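Below is one structure; the comments refer to it alone.
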Amino acid sequence: MEALRLVLYVLHMIAMVAIVLSPFVAALGRTTQVWAARVQLLIGLLLVGVLEMQDASLNHTKIGVKLLVALAVVACAEIANARARRGEGHRPLMLAAAGLTVVNALVAFLW
């Protein structure tokens with residue numbers, strides 16, 4: 001079970017890097033950010049599930065806050081993607097998604 005948790009954690013961190021770098025690296029773009037946000041949310045839920053199966057002591061308030069921020073990241077990325085397809089300005093929302101991802105990482109490590 002520990003090996004599964006580590007694999008999920010590494011994938012979670014790779015998704016975080018993709019979300020944060022997408023607004024700044026032209027090769028990544030908005031589609032990468034949208035899929036990385038979706039994947040990171042899903043993997044985060046899987047990580048909580050794995051920890052619950054191990055009867056680990058979890059701070060459910062912290063997990064709830066992280067879930068809300070992750071949903072905001074996904075929402076910003078999805079709206080940015082939709083706006084870009086319509087030819088509207090999407091960069092501020094991509095930057096917001098990246099910033100909220102950093103906030104979520106800070107919540108994880110500092111709480």
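These numbers come from a predicted model, not from an experiment.
- Rounded to the nearest 0.5 angstrom, Leu41 CG and His12 NE2 are separated by 9.0 Å.
- Note on Leu4 and Val39: same hydrophobic cluster, where clusters join Ile, Leu, Val, Met, Phe, Trp and Tyr whose side-chain heavy atoms are under 4.5 Å apart, directly or indirectly.
- With contacts defined as side-chain heavy-atom distances shorter than 4.5 Å, the pair Glu78/Val34 qualifies.
- To the nearest 0.5 angstrom, Met16 atom CE is 9.5 Å from Leu21 atom CG.
- Hydrophobic cluster membership differs between Leu6 and Phe109, with clusters built from Ile, Leu, Val, Met, Phe, Trp and Tyr side chains linked at under 4.5 angstrom.
- Hydrophobic clustering (side-chain heavy atoms under 4.5 Å, transitive across Ile, Leu, Val, Met, Phe, Trp, Tyr) groups Leu45 together with Val74.
- Between Val107 and Val69, every side-chain heavy-atom pair lies at or beyond the 4.5 Å cut-off.
- A single hydrophobic cluster is not seen to contain both Leu100 and Val20; linkage of ILVMFWY side chains at heavy-atom distances under 4.5 Å, directly or through other members, places them apart.
- Between Leu93 and Asn81 there is no side-chain heavy-atom pair separated by less than 4.5 Å.
- Under a 3.5 Å cut-off, the side chain of Gln33 and the backbone N or O of Met94 do form a donor-acceptor pair.
- Annotation: side chain of Asn104 is not in contact with side chain of Val65 (no heavy-atom distance under 4.5 Å).
- Contact record, Ile19 with Ala37: CD1-CA, 3.5 Å, taken as the closest heavy-atom pair.
- Contact annotation: the side chain of Gln54 approaches that of Leu51 to within less than 4.5 Å [non-hydrogen atoms, C-beta and beyond].
- Taking 4.5 Å as the limit, some side-chain heavy atom of Ile14 sits within range of a side-chain heavy atom of Val10.
- Minimum interatomic distance between Lys62 and Ala108 (heavy atoms only, all atoms of both residues): NZ-O, 3.0 Å.
- Between the CG atom of Leu47 and the CD atom of Gln40 there is a distance of 10.0 Å, given to the nearest 0.5 Å.
- Contact between Ala77 and Ala97 at its shortest, heavy atoms only, is N-CB, 4.2 Å.
- Between Arg30 and the choices Arg91, Arg85, Arg83, the side chain to side chain contact (heavy atoms under 4.5 Å, CB included) rule is met once, by Arg85.
- Rounded to the nearest 0.5 Å, atoms CG (Leu95) and NE2 (His90) are 9.5 Å apart.
- Hydrophobic clustering, with ILVMFWY side chains joined whenever heavy atoms are under 4.5 angstrom apart, groups Leu11 together with Val50.
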